[in-house]
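To start, the structure itself, in structure tokens.
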2 protein chains.
Amino acid sequence: MARAGLSKQRLIRAGAELADEVGFDRVTVSALARRFDVKVASLYSHLRNSHDLKTGIALLALEELAERAADALAGRAGKDALAAFANAYRDYAGEHPGRYAATRFPLDPRTAAASAGGRHAQMTRAILRGYDLPEPDQTHAVRLLGSVFHGFVSLEASGGFSHSAPDSPETWAWVVDHLDALLRSLRAPEP
Amino acid sequence: MARAGLSKQRLIRAGAELADEVGFDRVTVSALARRFDVKVASLYSHLRNSHDLKTGIALLALEELAERAADALAGRAGKDALAAFANAYRDYAGEHPGRYAATRFPLDPRTAAASAGGRHAQMTRAILRGYDLPEPDQTHAVRLLGSVFHGFVSLEASGGFSHSAPDSPETWAWVVDHLDALLRSLRAPEP
DNA sequence: TAAATTGCCTAAAAGGCTTAGGTAATTTCT
DNA sequence: AGAAATTACCTAAGCCTTTTAGGCAATTTA
């Protein structure tokens, strides 16, 4: 009997595609087995359990998102960097809704520490460096940006903005604009 | 045999409690039946299906949250109203994490239209009235507030802010403060 | 080519969702 | 109050997902 050529990597990758197609919370070991035309139990040679699969998808998504954000940030500073970073975030969520949802999958502390999650915070701080904020404003600002980006993307994904003018890209630009203004207003005074 | 005295209302109420205890996505018809010491099939006289139960919990939560927000808003205006509204939101999510998660359950358009969701948007607009914003800034601002509140609460719930100083209530106050400043800066010029 | 490993299989248990159809408790009507 | 109608909960059964145990065949290694 020919083998299907499964591996943890391939399964996680296919799981991510499945998530984008049907939603992260509908990703199931069974559905994945069907996709490879293989019996369910076969997947358990590669995955400890269903939680393991979801964790894998989450880590993959965090990695991809971090890479996109890093690319977007390269060679930019100030508002330019802020906008590029914000767009990388929103675009990724738009193109890969299931993967984006996966980035919210709760990771146990050890896994989280080894994930790309830290790079996200690092990049946000890098953007803020251009605004030269004093502590503790900088930390507050990291959290504000995280909240706005995640909140916006998440409300947009659940259709919150879809039935009223102006359309949501317009609001997105407005939000980035005013976040920039807010951050500029916080610049540390010259010594 | 004595009856348990089930009803759709009671089931949804108990489902909401269960959600707060174990998480909204772990709310299950079976668990609910166990809680009432009744066979699973019995619940199907009161609920169409599991989706129906979750929808009910979502509607309950939206209702409760709207009521709290309305109470918080009563007799306040300007920054005072903004802070009270924001706190109502955050406090509710802190006290009732499962119910809060339920407010994000996707409702079909007809159900959503009949829900308390509309009142939330109305209240946000009421707060903004105090800032006297021109259109389309007002709509953008409604969305910004929604994004920040939801994003913050959601990141806080998933433990995003818990392992670093300053603590998250401090950031929350800071965020409300600077949102107020942002909104004030947008006030329509005197005619 | 024989031995060791690996990849996928069958089988089965446990738990969740849902429907169909039945019996006992309660309410309503006479 | 007693009969009739309704309601509340039950048993039974089918289907789906997760997970474990143990087996055989394909592949890799020696």
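Numbers restart at 1 for each chain; the letters A, B, ... are given by sequence-line order, proteins then strands.
For B:K39 and D:dT11, the NZ to C1' distance is 9 Å, given to the nearest whole Å. Atom CG of B:L47 is separated from atom P of C:dG16 by 16 Å (rounded to the nearest Å). The NE2 atom of A:H46 sits 12 Å away from the C1' atom of C:dC9 (whole-angstrom rounding). Atom CG of B:L11 and atom P of D:dC9 are 9 Å apart (whole Å). Between B:L6 atom CG and C:dA24 atom P there is a gap of 19 Å when expressed in whole angstrom units. Distance, B:R35 CZ to C:dG16 P: 14 Å, rounded to whole Å. Per the geometry, CG belonging to A:D37 stands 18 Å off P belonging to C:dG7, to the nearest Å.
With sequence neighbours excluded, no residue forms a side chain to side chain donor-acceptor pair (under 3.5 Å) with B:R10.
Close to C:dC9, at under 4.0 Å from its OP1 or OP2, lies a side-chain N or O of A:S42.
With salt bridges taken as basic N to acidic carboxylate O contacts below 4.0 Å, none links A:R119 and A:E67.
Environment of CG in B:D108: crowded, with over 12 heavy atoms of neighbouring residues, nucleotides or ligands closer than 6.0 Å. Within 6.0 Å of the CZ atom in B:R35, the count of heavy atoms belonging to other residues, nucleotides or ligands exceeds 12.
By the 30° and 60° cut-offs, the orientation of the rings of A:H120 relative to A:Y89 is perpendicular.
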Less than 3.5 Å apart, which donor and acceptor atoms pair up between the side chains of residues 12-19 of chain A and the rest of the protein, not counting sequence neighbours?
none

Considering only nitrogen or oxygen atoms on both sides, find all protein atoms under 3.5 Å from nucleotides 17-21 of chain D and state each distance.
residue	atom	partner	partner atom	Å
D:dT17	OP1	A:R34	NH2	3.2
D:dT17	OP2	A:R34	NH1	3.3
D:dT17	O3'	A:T28	OG1	3.1
D:dT18	OP1	A:T28	OG1	3.1
D:dT18	OP1	A:V29	N	3.4
D:dT18	OP2	A:T28	OG1	2.7
D:dT18	OP2	A:V29	N	3.1
D:dT18	OP2	A:S30	N	2.9
D:dT18	OP2	A:S30	OG	3.0
D:dT19	OP2	A:Y44	OH	3.0
D:dT19	OP2	A:S50	N	2.7

